[in-house]
Amino acid sequence: MYLLAPSEIYSDWNDEYDISKNLTRQLDYYKSKGTSTSVNSSALKLLGSTNTAWWTRSADHIDSEFFFMVFAAGNCASDSVTSSAGVSPAFRIG
């Protein structure tokens with residue numbers, strides 16, 4: 001089990017401050033949904049019936065206190081680790 005990186009979610013992710021952006025590729029699930037930074041409804045996660053923010057595993061290399069999170073609107077940006085958000089663990093089979 002692990003947390004996703006933004007580049008595993010968004011096809012066109014290219015944030016210069018994401019230290020993991022070149023270490024992985026978009027997962028087939030998000031690729032099949034056409035998920036990009038502008039078409040991001042498949043990145044939304046619900047808490048009950050409300051969209052909620054969730055953390056990724058990617059750190060912002062500018063500030064050690066910031067990691068990237070997917071916000072309730074489906075966009076992704078870095079935010080302070082003091083911010084409250086959920087997680088969306090993933091796992092791979094095979």
Side-chain angles (χ1 to χ4, degrees):
M1 263 188 160
Y2 65 99
L3 298 180
L4 296 173
S7 55
E8 291 174 312
I9 304 164
Y10 305 99
S11 63
D12 57 348
W13 181 253
N14 194 24
D15 191 294
E16 64 181 312
Y17 302 119
D18 179 359
I19 62 173
S20 68
K21 71 178 179 183
N22 296 320
L23 301 176
T24 189
R25 63 174 180 80
Q26 187 179 34
L27 298 178
D28 293 339
Y29 171 80
Y30 291 104
K31 189 176 198 172
S32 72
K33 301 287 187 183
T35 308
S36 68
T37 55
S38 59
V39 179
N40 54 27
S41 62
S42 58
L44 300 176
K45 304 296 180 189
L46 297 176
L47 179 61
S49 60
T50 304
N51 291 343
T52 190
W54 53 283
W55 291 107
T56 71
R57 71 171 185 261
S58 298
D60 183 332
H61 83 273
I62 293 296
D63 189 328
S64 62
E65 187 181 305
F66 282 69
F67 276 72
F68 287 89
M69 77 163 51
V70 177
F71 290 88
N75 61 310
C76 188
S78 64
D79 203 2
S80 170
V81 296
T82 60
S83 297
S84 179
V87 295
S88 182
F91 67 94
R92 292 185 191 199
I93 298 174

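Here the structure is a predicted model, which means the values were calculated and not measured. All residue numbers refer to positions in the sequence shown, counting from 1.
- Linking Ile, Leu, Val, Met, Phe, Trp and Tyr residues whenever their side-chain heavy atoms come within less than 4.5 Å leaves Val87 and Met1 in two separate clusters.
- Interatomic distance, Ser7 OG to Asp15 CG, rounded to the nearest 0.5 Å: 11.0 Å.
- For Tyr2, the side-chain contact (heavy atoms from CB on, under 4.5 Å) test picks out Leu4, Glu8, Leu27, Arg57, Ala90, Arg92, with sequence neighbours left out.
- Here CE of Met69 is found 12.0 Å from CG of Asp60. Values are rounded to the nearest 0.5 Å.
- Scored by the side-chain hydrogen bond (donor to acceptor under 3.5 Å, both in side chains) test, Asn51 finds no partners at all (sequence neighbours excluded).
- Between Ala5 and Thr24 the shortest heavy-atom distance is CB-CG2, 4.2 Å.
- To the nearest 0.5 Å, atom CH2 of residue Trp13 and atom OH of residue Tyr30 are 13.5 Å apart.
- A distance of 12.0 Å separates CG in Asp18 from CD1 in Ile62, rounded to the nearest 0.5 Å.
- Note: the hydrophobic cluster containing Ile9 also contains Tyr17 (ILVMFWY, side chain heavy atoms under 4.5 Å, direct or indirect links).
- To the nearest 0.5 Å, atom CG of residue Asn14 and atom NZ of residue Lys21 are 4.5 Å apart.
- Under the 30°/60° scheme for interplanar angles, the aromatic rings of Trp55 and Phe67 are found to stand perpendicular.
- The heavy-atom pair separating Thr56 from Pro6 by the smallest distance is OG1-CD, 3.7 Å.
- When all heavy atoms of Cys76 and Tyr10 are compared, the closest pair comes out as CB-CE1, 3.5 Å.
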Would you check, one step at a time, whether the test side-chain contact (heavy atoms from CB on, under 4.5 Å) holds for Leu47 with Trp54? CA-CA 10 Å; Leu47 179 61; Trp54 53 283; over 6 Å; no
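- For the pair Ala43 and Val70, the tightest heavy-atom approach, listed with the atom from each and the gap, is O-CG1, 3.8 Å.
- Scanning all heavy atoms of the two residues, the minimum distance from Leu44 to Ala73 falls at CD2-C, 3.6 Å.
- Side-chain contact check for Ser58 and Ser20: at least one donor-acceptor pair (N or O, by modelled atom type) lies under 3.5 Å.
- When all heavy atoms are compared, the tightest approach of Asp79 to Ser83 is OD2-OG, 3.0 Å.
- Atoms OG and CG, from Ser80 and Asp63 in turn, are 7.5 Å apart once rounded to the nearest 0.5 Å.
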